[in-house]
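This report concerns only the one structure given below.
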Number of protein chains: 2
Amino acid sequence: MFTAPDFAYTPLATRLKYYMDVGDGDVAALEGIAYEERHVVRGETIFARGQNIEWVVLIMSGWAARTRYTRDGARQIVNFLLPGDILTPDAFVIRQLEHEIEALSSVTLRILAMTDMQAVLERANGLASALWWAAAQEDSIVREHVVRLGRRNAQERIAHFLLEMHRRMLVVKQAAENSMILPLTQAEIADALGLSLVHVNRSLSFLQKEGHIDRRNTVIQLLDIPRLAEFCDFDTLYLSLERQQQAAV
Amino acid sequence: MFTAPDFAYTPLATRLKYYMDVGDGDVAALEGIAYEERHVVRGETIFARGQNIEWVVLIMSGWAARTRYTRDGARQIVNFLLPGDILTPDAFVIRQLEHEIEALSSVTLRILAMTDMQAVLERANGLASALWWAAAQEDSIVREHVVRLGRRNAQERIAHFLLEMHRRMLVVKQAAENSMILPLTQAEIADALGLSLVHVNRSLSFLQKEGHIDRRNTVIQLLDIPRLAEFCDFDTLYLSLERQQQAAV
DNA sequence: CGCACCTTTGAAAGCTTTCAATACGGGTGG
DNA sequence: CCACCCGTATTGAAAGCTTTCAAAGGTGCG
């Protein structure tokens with residue numbers, strides 16, 4: 001059912017190549033950086049709020065999330081971090097993280113020394129702008145999340161969210177054309193979409209009843225993506241920012 | 001009532017100096033860049049979605065906003081842009097804007113050529129990381145906005161929002177200790193906070209009745225900031241990210 | 001088999017929106 | 001100087017979406 005992952009590239013490289021012209025030299029430079037691998041279990045806090053960030057950290061597999069907590073313990077998931085995402089886009093300038101990063105499933109991380117990364121960035125010309133582009137894409141995704149929370153009802157939020165996750169997983173070859181593994185509980189979806197668990201459940205049932213989706217445990221099928229996109233006003237422009245022709249800096 | 005603005009520095013420099021150690025040389029380099037000034041009236045679209053960004057644009061005075069529209073024309077304000085904010089943090093890598101930037105009041109912009117900016121960044125050592133820090137601060141602000149929308153009720157959202165705006169204006173010396181000019185209609189506040197105009201009105205009345213705020217036209221007083229912060233669980237950590245000690249890149 | 005965690009369902013309560021109508025404030029034309 | 005106008009603010013009441021509270025059903029695992 002699922003296409004085999006493309007083992008030729010790391011998820012980050014796959015993503016960068018999907019959206020941009022990144023030279024093979026740049027990709028090789030990125031993938032050639034010495035790294036340490038770290039495995040994290042579901043529920044574990046990868047980075048705590050206030051923690052010092054001293055490396056560049058990439059997700060190789062699994063799902064994580066940037067989260068914040070309110071005084072009364074409610075959690076808000078600010079963004080999901082999928083294979084190929086960078087946990088630490090601002091590692092070079094920001095000392096302390098102002099949010100938490102939590103593992104939502106088993107996660108494999110690749111940890112690079114900042115000095116190594118810098119050295120490579122100086123050599124691999126297009127890489128710096130490609131990574132900067134990746135950071136800009138995350139910004140755009142978070143902005144779209146604001147719109148989702150501010151201007152859509154529960155059913156639309158969920159539909160829109162599912163389409164985003166599917167698209168992002170597809171890009172890193174971790175989803176099939178019409179289905180994917182969604183390693184989230186309904187409570188986690190609720191924490192992301194500013195809803196209650198109960199209402200997420202009911203809205204999911206609604207989408208199922210309407211023939212938009214089909215769930216079997218963690219496997220979710222999007223039965224008619226154009227129709228679902230129409231239903232929730234999903235437009236992928238925010239994911240596919242165009243990169244500047246001749247990248248500077 | 002309001003302290004005189006500090007004319008020695010531009011708002012951006014004031015902000016950078018407030019949050020970080022930025023050398024006077026760096027500041028002078030930034031302020032010395034050749035620029036063009038542009039005046040925009042309230043309601044005008046400064047940049048449209050899809051538009052090419054070919055300059056670095058700073059706000060010198062007035063309020064603007066990053067906005068997105070849904071299919072049915074509803075507007076979501078994603079973030080407010082105040083004096084000292086950078087409209088184009090990703091100008092070096094992203095070609096097209098995926099959102100709109102609109103003027104909410106009369107706005108004065110300073111427009112820099114990207115090539116000039118690049119040249120200065122190469123000379124002024126700390127400036128690049130200071131600007132990167134500023135971009136990271138905006139990311140953090142948007143993330144906090146997600147929390148506000150996802151996990152707070154109307155009254156808390158408004159209170160939290162007012163405190164953020166006041167704090168940001170204070171930093172660029174555009175607010176008094178307990179009051180500020182808020183050049184927004186209630187409809188605009190609604191579009192930012194994912195609420196209806198009517199409910200914004202009622203929630204504002206509530207805050208007034210409770211003695212939290214006092215409004216007179218566009219002037220708003222925050223009568224007891226610690227108490228208001230307690231009311232809505234406002235914590236400024238997200239605004240005052242610590243910069244890396246020795247900035248790299 | 002029992003526990004722990006997740007999903008589902010029902011019903012009432014609550015927050016927010018929508019619809020409608022009435023003030024208000026400042027600016028313009030007579 | 002005053003009537004009029006328009007955009008904004010305010011208020012009331014009903015409708016609607018979402019949450020909360022409670023309880024039952026499922027599923028995987030030790």
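In what follows, chains are A, B, ... by sequence order, proteins preceding strands, each numbered from 1. Excluded from the calculations below are hydrogen atoms, water molecules and symmetry mates; all remaining heavy atoms, backbone and side chain alike, are included.
In this structure, Met169(A) and Pro83(A) have side chains that are in contact, with non-hydrogen atoms separated by less than 4.5 Å.
Every residue two or more places apart in sequence or in another chain that forms a ring pair (Phe, Tyr, Trp, His ring centres under 6.0 Å) with Phe80(A) is listed here: Phe161(A). Contacts of Arg215(B) classified as salt bridge (charged side-chain N to carboxylate O under 4.0 Å, His left out), with partners at least two apart in sequence or in another chain: none. Every salt bridge (charged side-chain N to carboxylate O under 4.0 Å, His left out) that Asp233(B) has, sequence neighbours left out, goes to Arg152(B). Annotation: ring pair (Phe, Tyr, Trp, His ring centres under 6.0 Å) contacts of Phe231(B) (sequence neighbours excluded): His212(B). Listed by chain and number, the residues in a salt bridge (charged side-chain N to carboxylate O under 4.0 Å, His left out) with Glu100(B) amount to none (sequence neighbours excluded).
Between the side chains of Arg148(B) and His145(B), at least one donor N or O sits under 3.5 Å from an acceptor N or O. Remark: the Gln208(A) side chain and the Asp214(A) side chain contain an N/O donor-acceptor pair separated by less than 3.5 Å.
If you check residues 63-78 of chain B against DNA chain C, you find no residue with a heavy atom closer than 4.0 Å. Within residues 147-154 of chain B, the residues approaching DNA chain C are Asn153(B), Ala154(B), by heavy-atom distance under 4.0 Å. DNA chain C is contacted by Leu197(A), Val198(A), Asn201(A), Arg202(A) of residues 191-208 of chain A, taking any non-hydrogen atom closer than 4.0 Å.
Here the closest heavy-atom approach between residue Leu228(A) and residue Ala159(A) is recorded as CD1-CB, 3.7 Å. Minimum heavy-atom separation, Ala176(B) to His166(B): O-NE2, 2.8 Å.
Looking at Arg151(A) and Glu156(A), no side-chain N of the basic residue comes within less than 4.0 Å of a carboxylate O on the acidic one, giving no salt bridge.
Environment of CZ in Arg216(B): sparse, with no more than 12 heavy atoms of neighbouring residues, nucleotides or ligands closer than 6.0 Å.
Arg42(A) comes within 4.0 angstrom of the backbone, heavy atoms only, and of no base. Looking at heavy-atom distances under 4.0 Å, Arg157(A) makes no contact with the nucleic acid at all.
Axis angle, first five pairs versus last five pairs of the helix from dC1(C)-dG30(D) to dG30(C)-dC1(D): 30°, rounded to 10°.
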Candidate pair Arg49(A) and Asp235(B), rule salt bridge (Lys or Arg N to Asp or Glu O under 4.0 Å), full reasoning: CA-CA 13 Å; Arg49(A) 186 174 201 237; Asp235(B) 171 352; 3.6 Å; yes

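For residues 54-63 of chain B, the side chain to side chain donor-acceptor pair (under 3.5 Å) pairs, not counting sequence neighbours, are Ser61(B)-Thr108(B). For residues 80-90 of chain B, every residue pair satisfying the salt bridge (Lys or Arg N to Asp or Glu O under 4.0 Å) rule, not counting sequence neighbours, is listed here: Arg15(B)-Asp85(B), Asp85(B)-Arg168(B).
Think of the region where chain B sits on DNA chain D: with heavy atoms and a 4.0 Å cut, that region ends 5' and 3' at dT8(D) to dA13(D).
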